[in-house]
Participant: 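Before anything else, here's the structure in question.
Hydrogens, waters and symmetry mates are skipped; everything else that's a heavy atom, side chains included, is used. Order of listing sets the numbers, starting from 1, for every ligand and every atom in it. Positions are given from 1, in the same order as the sequence printed here.
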Amino acid sequence: MPKSAQQLTIRAPAKLNLTLEVLGRRPDGYHELHTIFQAVTLYDVLEVLPAADIELVVDGEAPHGEDNLILRAARALARYAPAHGARLLLHKLIPSGAGLGGGSSDAAAALVLLNRQWETGLSRSELAQLAQSLGADVPFFLWSGVALGTGRGDDIRPLELYTDAGGSHLGPPIHFVLSTPPFHLPDKTAQIFQRVREENYSNGSVTRALVGRLAAGEELRQEDLHNALLGPACAAFEPLAEYLETLQDLSGHSWTLSGAGPTCFTLAATQDDASRIASQVSALPGRRFVCHAAPPLASAHPELLPLPSPA
Ligand code: C5P
């Protein structure tokens, strides 16, 4: 075990997709995407302690065994580490299988923590390759903040938005209200992508236009939000269309879907507005979260970065 092995902690944020466009089907069976990922201040917490073997302890609702992506991430990285034991403790708050990328965020957090703990010395682009092999949403969380995802959604370009002249993260003056209904579907993401048809395709222009507007300092508006998986998800999760309609009726706001769902979200101008909207919809089944934009990993955890540059 490296001499520097110690107890390290990282916060693993949830994500929303501000846009998610499907451009078409790829020869590898995946779909070509243009999506804007936005990390938000709803967090799992992952701790690592020195240990002889790789172990995971879960506090909360998440897979406990080898199905947990954290263990797959640890085993993938261990191939590059001379000494590789770790006791990983996951405090799970982000609902699983909800379109919030919680499992992917935990896996990326494990890669970053263990790369430090084991002194593996992989660069961010080398970690991104491992992350891609774990799932299409995992690479984003190596940057976090706000980023454009293309390819399978795993080709990440961080968007330098919401920062001041010194590079400090300010966050957009926007709050998010999330409502996660208790709908579950085995193999959800694959099931929903299977229902995507040509009529759901677009050419990426919605995403490019929003990137341009945000880069010009314009505000994010509800009408900017777009998700091509909304129709397919409503077909797959039968009560979802009705759930969205009820959210709208109760709050007077329109709501959209994050990723493959079933989490729905809307924008609010202030924290007070967000709390009011959350209480207006509180009678609906499921869980509510009020959050705002989360900073990039580099500002949230400077002690774990910079990652080494590629050799
Ligand atoms: O990469 P991940 O395991 O999250 O993807 C789950 C499934 O979602 C894939 O097996 C694929 O069927 C579908 N998918 C897709 N196109 C993407 C991402 C995921 O078709 N860009």
Participant: Who are the side-chain contact (heavy atoms from CB on, under 4.5 Å) partners of Ala109, not counting sequence neighbours?
Facilitator: Ile10, Ala12, Leu46

Participant: For Phe183 and Phe237, take the angle between the two ring planes, folded into 0 to 90°, and tell me which bin it lands in: parallel under 30, tilted 30 to 60, perpendicular over 60.
Facilitator: tilted

Participant: I'd like to check the side-chain contact (heavy atoms from CB on, under 4.5 Å) partners of Thr19; sequence neighbours left out, ordered by chain and number.
Facilitator: Ile36, Val206, Thr207, Leu210

Participant: List the residues meeting ring pair (Phe, Tyr, Trp, His ring centres under 6.0 Å) with Tyr43, not counting sequence neighbours, and say none if there are none.
Facilitator: none

Participant: Which protein N or O atoms sit under 3.5 Å from any N or O of ligand 1? Give each pair with its distance.
Facilitator:
from	atom 1	to	atom 2	distance (Å)
ligand 1	1 (O)	Tyr30	OH	3.3
ligand 1	1 (O)	Ala136	N	2.9
ligand 1	16 (N)	His31	N	2.8
ligand 1	20 (O)	His31	N	3.4
ligand 1	20 (O)	His31	ND1	2.8
ligand 1	21 (N)	His31	O	2.9
ligand 1	21 (N)	Arg152	O	2.9

Participant: Show, in sequence, the C-alpha distance, side-chain angles and deciding distance for Glu55 and Arg87, and conclude whether the salt bridge (charged side-chain N to carboxylate O under 4.0 Å, His left out) test is met.
Facilitator: CA-CA 5 Å; Glu55 317 158 23; Arg87 185 173 164 81; 2.8 Å; yes

Participant: Is there a donor-acceptor pair under 3.5 Å between the side chain of Arg213 and the backbone N or O of Glu219?
Facilitator: yes

